[in-house]
Amino acid sequence: MKFQTIFLDIGRVLVGLDYEPALTTLSDLNGLSPNQITDRLNNHSGILDYEKGWLTTEEFFQQIKDLLAIDVSLEAFEKIWESSLVVDEEGSMGLLSSGLFQQLREHHRVIALSNTNEMQFGYLLRVHPLIREFDDYVLSYQVGHLKPDPEIYRIALQKSGASPEGSLLVDDLVKNIQGAERAGMKGLVFRGESKLREELEELGILTADP
């Protein structure tokens, strides 16, 4: 099987996620514990709506501001929301490094396929050089669907012109890989760069180092 197109997730593949700084800042603002804040956010549909692009950044900000009873500007809130993203360009956290990313791009189209939102993706475009080097993007907030909704895989294949059997998705969540496989794509669950290299060599996408 020859793969022409590699779809890459972003969160926990290219970019680390650490919610503690944001939760600590929010806790300082409203006096709720981090667990209370997490419970409120997890039970609020606005986050998923925002990631589907159903809410503008301003609408989402107002919802969260009311939900968490915080009195901050949109600019300050953006900094809080973005603080959960950890850039790891060289793979020191076990994420996909710039070196491997560039190796993949030598002989394949590499396309972002990510559940994300306008605020966080805009931030990553500014601070993470690799994010600007994808050949194309299929982002939940731009296409109105979240993985593992079958529609987002259909859109990804249609937009890229890729065949399902010539496409590979690398994602950290099993359910998203299962969604890709139901769409006829090959999927690899991301478990760190070294493991991914082994799996890519087995598929013939990378050549093993001599």
Side-chain angles (χ1 to χ4, degrees), residues 6-29 32-53 55 57 60-61 63-64 67-68 70 76-98 100-101 110-134 137-143 145-149 152 169-180 187-196:
I6 298 173
F7 293 97
L8 283 184
D9 184 27
I10 293 177
R12 294 197 174 95
V13 175
L14 271 181
V15 175
L17 297 176
D18 179 6
Y19 297 109
E20 190 173 333
L23 290 171
T24 299
T25 303
L26 290 169
S27 180
D28 290 342
L29 287 169
L32 295 173
S33 71
N35 283 343
Q36 288 173 314
I37 293 168
T38 301
D39 286 344
R40 288 194 187 189
L41 292 173
N42 287 343
N43 291 310
H44 180 62
S45 63
I47 292 177
L48 294 182
D49 289 346
Y50 185 46
E51 296 219 322
K52 292 177 191 172
L55 297 172
T57 292
F60 176 67
F61 165 59
Q63 284 195 11
I64 300 300
L67 178 74
L68 299 181
I70 52 174
F77 177 72
E78 286 179 343
K79 286 185 169 59
I80 296 169
W81 208 249
E82 294 158 1
S83 68
S84 60
L85 301 173
V86 183
V87 173
D88 177 34
E89 198 180 340
E90 297 312 314
S92 60
M93 294 165 55
L95 299 178
L96 195 146
S97 68
S98 58
L100 180 52
F101 184 91
V110 179
I111 297 173
L113 178 53
S114 181
N115 292 349
T116 187
N117 57 70
E118 182 182 50
M119 229 186 313
Q120 292 186 327
F121 187 72
Y123 170 73
L124 289 175
L125 278 177
R126 296 193 302 274
V127 304
H128 197 331
L130 284 186
I131 300 297
R132 300 190 290 273
E133 296 194 29
F134 279 101
Y137 304 86
V138 181
L139 308 174
S140 61
Y141 80 94
Q142 293 180 348
V143 302
H145 298 276
L146 290 163
K147 294 175 293 182
D149 181 338
I152 197 169
L169 172 65
V170 177
D171 195 294
D172 68 302
L173 293 180
V174 171
K175 65 180 181 180
N176 294 342
I177 293 299
Q178 291 171 339
L188 292 176
V189 178
F190 185 76
R191 299 187 179 93
E193 175 160 315
S194 58
K195 179 66 174 174
L196 178 63

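In this chain, residues are counted from 1 in sequence order.
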Just distance, no hydrogens or angles: give the donor-acceptor pairs under 3.5 Å from side chains in residues 10-27, sequence neighbours left out.
from	atom 1	to	atom 2	distance (Å)
Asp18	OD1	Glu20	N	3.2
Thr24	OG1	Glu20	O	2.9
Thr25	OG1	Pro21	O	3.0
Ser27	OG	Leu32	O	2.6

Sequence-distant partners of Glu78, salt bridge (Lys or Arg N to Asp or Glu O under 4.0 Å), two or more places apart: none

Applying side-chain hydrogen bond (donor to acceptor under 3.5 Å, both in side chains) to Gln178 and not counting sequence neighbours gives none

Do Leu95 and Phe190 come close enough that some side-chain heavy atom pair is under 4.5 Å? yes

Mark yes or no for whether Arg40, through its side chain, and Leu68, through its backbone, hold a donor-acceptor pair below 3.5 Å. no

Just to verify, what does Lys195 make a side-chain contact (heavy atoms from CB on, under 4.5 Å) with, not counting sequence neighbours? Arg191, Glu198, Glu199

Pairs under 3.5 angstrom only: tabulate donor-acceptor contacts from the side chains of residues 114-123 to other protein residues two or more places apart or in another chain.
from	atom 1	to	atom 2	distance (Å)
Asn115	OD1	Lys147	N	2.9
Asn115	ND2	Lys147	O	3.2
Asn117	OD1	Met119	N	3.3
Asn117	OD1	Gln120	N	2.9
Asn117	ND2	Glu51	OE2	3.3
Asn117	ND2	Gln120	OE1	3.3
Glu118	OE1	Thr57	OG1	2.4
Gln120	NE2	Trp81	O	3.0
Gln120	NE2	Ser84	OG	3.4

Applying side-chain contact (heavy atoms from CB on, under 4.5 Å), can you list everything that pairs with Val138, at least two apart in sequence or on another chain? Ile111, Leu113, Val143, Ile152, Ile155, Ala156, Lys159

Which distance, rounded to the nearest 0.5 Å, do you find between the OG of Ser98 and the CG of Leu130? 5.5 Å

In short, Leu169 meets Asn176 closest at the heavy-atom pair CD2-O, 3.8 Å

Identify the two heavy atoms, one from Ile177 and one from Leu188, that lie closest to each other, and give their separation to 0.1 Å. CD1-O, 3.2 Å

Between Asn42 and Ile47, is any pair of side-chain heavy atoms under 4.5 Å apart? no

For a side-chain contact (heavy atoms from CB on, under 4.5 Å) check, start with the C-alpha distance between Ile70 and Ile80, then their side-chain angles and the critical distance, and finish with the verdict. CA-CA 12 Å; Ile70 52 174; Ile80 296 169; 5.6 Å; no

Answer yes or no: is there a side-chain heavy-atom contact under 4.5 Å between Phe134 and Leu8? yes

Kindly write out the residues that satisfy side-chain hydrogen bond (donor to acceptor under 3.5 Å, both in side chains) with His128, not counting sequence neighbours, or none if the list is empty. none

Taking salt bridge (Lys or Arg N to Asp or Glu O under 4.0 Å) as the definition, give me every residue that meets it alongside Arg126, ordered by chain and number, with sequence neighbours left out. Glu82

Non-neighbouring partners of Tyr50 that pass ring-ring contact (aromatic ring centres under 6.0 Å, His included), sequence neighbours left out: Phe60

Leu67 vs Leu41, side-chain contact (heavy atoms from CB on, under 4.5 Å): CA-CA, chis, key distance, verdict: CA-CA 8 Å; Leu67 178 74; Leu41 292 173; 4.1 Å; yes

Just verifying a value: how many Å separate Ser45 OG and Gln63 CD, rounded to the nearest 0.5 Å? 6.5 Å

At their closest point, which heavy atom of Val110 faces which heavy atom of Phe101, and how far apart are they? CG1-CE1, 4.0 Å

Residues passing the side-chain contact (heavy atoms from CB on, under 4.5 Å) test with Ser33, sequence neighbours excluded, are Asn35, Gln36

To the nearest 0.5 Å, what is the distance between OG1 (Thr38) and CG (Asn43)? 10.5 Å

